[in-house]
Number of protein chains: 2
Amino acid sequence: MANPKLSNRSRSSAVQGEIRQTKPFRSTAQEATIALLRTASIVNRALARVVEPYGLSLAQYNALRIIRGAGAGGIPTLSIRERMIEEGTTITRLLDKLEDAMLIRRERSVPDRRQVLCFVTDGGRKLLDSLDPLVNAADEDAVASLSELELERFISLLDAVRQTNAKRGAPRNAGLART
Amino acid sequence: MANPKLSNRSRSSAVQGEIRQTKPFRSTAQEATIALLRTASIVNRALARVVEPYGLSLAQYNALRIIRGAGAGGIPTLSIRERMIEEGTTITRLLDKLEDAMLIRRERSVPDRRQVLCFVTDGGRKLLDSLDPLVNAADEDAVASLSELELERFISLLDAVRQTNAKRGAPRNAGLART
DNA sequence: GGAGAATAGTTATCATAGCAACTGTTGCTA
DNA sequence: TAGCAACAGTTGCTATGATAACTATTCTCC
C-alpha cells in the first residue's frame, strides 16, 4: 500500500448517509471503490430491465451488438468475449442461446477451421433496431444528472482507474463495447 | 430522452482504444455507462480475488463486514441485504454459508419473532481482522491512479449518478457498506 | 515433415443471482 | 377479538457466472 490516502474527513457523504453508518469511511479510496461498485450495480440493473422484456439478458444484448458491429465478415467467438463488458467465460452458451433464438448464425471459418464466426441474422438485426433507441435512452437517463463536462471528467476518471487495474491481476485488459 | 448529449467528438478515448472500435461512441452518455460498468467489473474481480483464497465470495465478505459492524446487538437479515453493495435476493442462502463456516451465528429476535438476528462469531471476527488490511490495500490499489482531489470528485460524480437512479426503477435506494 | 506448443472453442462442475411462491409473525381495525 | 394486510424470511426453480479440464486445429522450427 504505497499511498494510504487516509482521510476520515468530515465531508458530507451520500454513501455514508445511505448506509446509515456511524463511523466514517476509513479512507477515501475505500469509499470510492464502494461507490463505484454500488453505482455500477444500480445502473446495470436499470439497463437489464430495459432489455429483459425482449428476452435478452444484458450480456446477450451486449454480445449481439458486438456481432452486429462486426458486419458482414462475421466475428470469431473469442473476439466477442474480449469486447464484452463482463468477460464472462460462458460465451459459448451465451451464443448458443442467441443462436437458438435465431438472432445469430455461426459457421466455422474457412482458412482457420479452429475459429467459429458469428453473424447477426435479419431477425437479430431487427430486434436490435427496436432496442437501440430504448437502450440509448436508458444510457442517457442513467447519467442524466451529469453535465456534458462532468461526463467527460467522469469518463476520464473511470479510464484512469481501468488503466491501472488492467495492468495487473485484472482478467484481461481488453475492451468492451457495443458497436 | 430529454437530453441527448450527442457528441461524437474527436477526443481520444481509452475505451474506444480498448475495444478497437472504428466508429466513435454515439454519445458521451453511452460511453460513460459502458466505462462505468466495465470499470466496476474489473475492480469487482480484483477485489474478489483478494477474499476468495479465504473461502469467501466478495458478497459474503461484504455481508460479514456488515454483520460485524452491527456490533453486539446483532442485525436482522433484511437489514444486511439493504446495506450490501449488490442487493442479492439470495441473502438467506448467503448467510447459510457463513453460518456453516461458523463465521456468524443466527437467532430469532425476542420481541419480534419474525426477525432473525445475525451476529459475528469470534472466528468470523478473526477472519475479518486478517482480511481487513488486504482488502484496504486492494481498495487503495484499485484507485491508486487518482489523487485525493480526484477521488473526491469521482465519489461526487458517482453519488450524483446513484442519486438519480435510485429514485426510479432501481432496486432500492438503500445503502451499502462495509462496517 | 513430425513432435510439441499455442490457439480457438467447448463442456463439466459448482457456486451464485433473480424471480416468484410460500410460511410464520405481527399489527391494524372494524 | 377475529380477520386481513403487511412484514421478515425461506425455499424452489431457472439462468447465469467462474474455473478448469478437454477436443480440435494450426503454428513452429528443428
Side-chain angles (χ1 to χ4, degrees), chain A residues 37 40-42 44-49 51-53 55-63 74-101 104 106-118 169-172 174, chain B residues 37 40-42 44-63 74-101 104 106-118 169-172 174:
Chain A
L37 297 182
S41 171
I42 290 173
N44 194 71
R45 292 183 59 157
L47 292 178
R49 285 172 199 278
V51 298
E52 271 164 15
L56 290 179
S57 71
L58 193 53
Q60 288 172 341
Y61 168 78
N62 199 241
I75 180 174
T77 301
L78 293 190
S79 297
I80 300 170
R81 185 176 65 178
E82 280 174 3
R83 300 186 189 188
M84 287 184 63
I85 289 176
E86 307 261 355
E87 322 195 17
T89 55
T90 326
I91 186 67
T92 295
R93 268 173 296 233
L94 188 152
L95 295 179
D96 286 346
K97 300 276 172 59
L98 292 180
E99 191 171 31
D100 290 348
I104 66 167
R106 287 192 282 187
E107 64 181 44
R108 287 229 164 252
S109 174
V110 173
D112 187 343
R113 292 181 42 71
R114 288 173 301 182
Q115 292 186 339
V116 176
L117 295 178
C118 303
R172 183 170 288 116
Chain B
L37 297 182
S41 172
I42 290 173
N44 195 71
R45 292 182 60 158
L47 293 178
R49 284 172 200 278
V50 174
V51 298
E52 271 163 16
Y54 295 79
L56 291 178
S57 69
L58 193 52
Q60 287 172 341
Y61 168 77
N62 199 240
I75 179 173
T77 301
L78 294 189
S79 298
I80 300 169
R81 185 176 65 178
E82 281 174 4
R83 300 184 190 189
M84 287 184 62
I85 290 175
E86 307 260 355
E87 322 194 18
T89 56
T90 326
I91 186 66
T92 295
R93 273 173 291 230
L94 188 152
L95 295 179
D96 286 346
K97 300 276 171 57
L98 292 179
E99 192 171 31
D100 290 348
I104 66 166
R106 288 192 282 187
E107 63 180 45
R108 287 227 164 253
S109 174
V110 173
D112 186 343
R113 292 183 40 71
R114 286 173 300 184
Q115 292 185 340
V116 175
L117 295 179
C118 302
R172 184 169 289 113

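Residue numbers begin at 1 in each chain, while the letters A, B, ... track the order of the sequences.
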Item to complete: Output the single nucleotide from dT16(D), dG9(C), dT16(C) whose closest atom is nearest the side chain of Ser57(B).
Response: dT16(C)
Fill in: Criterion side chain to side chain contact (heavy atoms under 4.5 Å, CB included) against Asn62(A), the qualifying member of Arg83(A), Met84(A), Glu86(A)
Met84(A)
Practice prompt. Send over the distance from Leu95(A) CG to dT16(D) P, rounded to a whole Å.
Written response: 12 Å
Worksheet item: Taking CG from Asp112(A) and C1' from dT7(C), how many angstroms apart are they, rounded to a whole number?
Response: 8 Å
Discussion item. If I take atom CZ in residue Arg108(A) and atom C1' in nucleotide dT26(D), what distance separates them, rounded to the nearest angstrom?
Written reply: 12 Å
Worksheet entry | Euclidean distance, atom CG of residue Leu58(B) to atom C1' of dG17(D) [Å, nearest integer] | 14 Å
Item to complete: Inspect the contact between Arg106(B) and Asp96(B) and indicate whether a charged nitrogen and a carboxylate oxygen are less than 4.0 angstrom apart.
Response: yes
Discussion item. Under 4.0 Å, counting only non-hydrogen atoms across every strand here, what does Thr90(A) touch: a base, just sugar-phosphate, or nothing?
Written reply: base
Item to complete: May I ask you to verify if any side-chain N or O of Gln60(A) is less than 4.0 angstrom from the OP1 or OP2 atom of dT16(D)?
Response: yes
Worksheet item: Is there a side-chain contact (heavy atoms from CB on, under 4.5 Å) between Leu117(B) and Val110(B) once you walk through the steps?
Response: CA-CA 9 Å; Leu117(B) 295 179; Val110(B) 173; over 6 Å; no
Worksheet item: Are OP1 or OP2 of dT19(D) and a side-chain N or O of Arg45(B) less than 4.0 angstrom apart?
Response: yes
Worksheet item: Do Leu58(B) and Ile85(B) have side-chain heavy atoms sitting under 4.5 Å apart?
Response: no
Discussion item. Need to verify one output field. Residue with the more 5' nearest nucleotide on DNA chain C, Glu52(A) or Lys97(B)?
Written reply: Lys97(B)
Worksheet entry | Atom pair distance, as rounded to whole Å: CD1 in Ile91(B) and P in dT16(C) | 12 Å
Worksheet item: With a non-hydrogen cut-off below 4.0 angstrom, is Thr92(A) in contact with a base, only sugar-phosphate, or nothing?
Response: base
Item to complete: Let me know the distance between CG of Leu94(A) and P of dG17(D), rounded to the nearest Å.
Response: 7 Å
Worksheet item: Between Arg93(B) and Arg114(A), who's closer to the 5' end of DNA chain D by nearest nucleotide?
Response: Arg93(B)
Worksheet entry | Length of the line joining Arg49(B):CZ and dA18(D):P, which is rounded to integer Å | 10 Å
Worksheet item: Roughly, in whole Å, what's the span from CG in Asp100(A) to P in dA15(D)?
Response: 12 Å
Practice prompt. Could you pull out the closest heavy-atom pair between Ile104(A) and Leu95(A), with the gap in Å?
Written response: CD1-O, 3.6 Å
Fill in: Pair assignment for dG18(C), Watson-Crick or G-U wobble, requiring both distances under 3.5 Å
dC13(D)
Worksheet item: Side-chain N or O of Arg113(B) less than 4.0 angstrom from OP1 or OP2 on dC7(D)?
Response: no
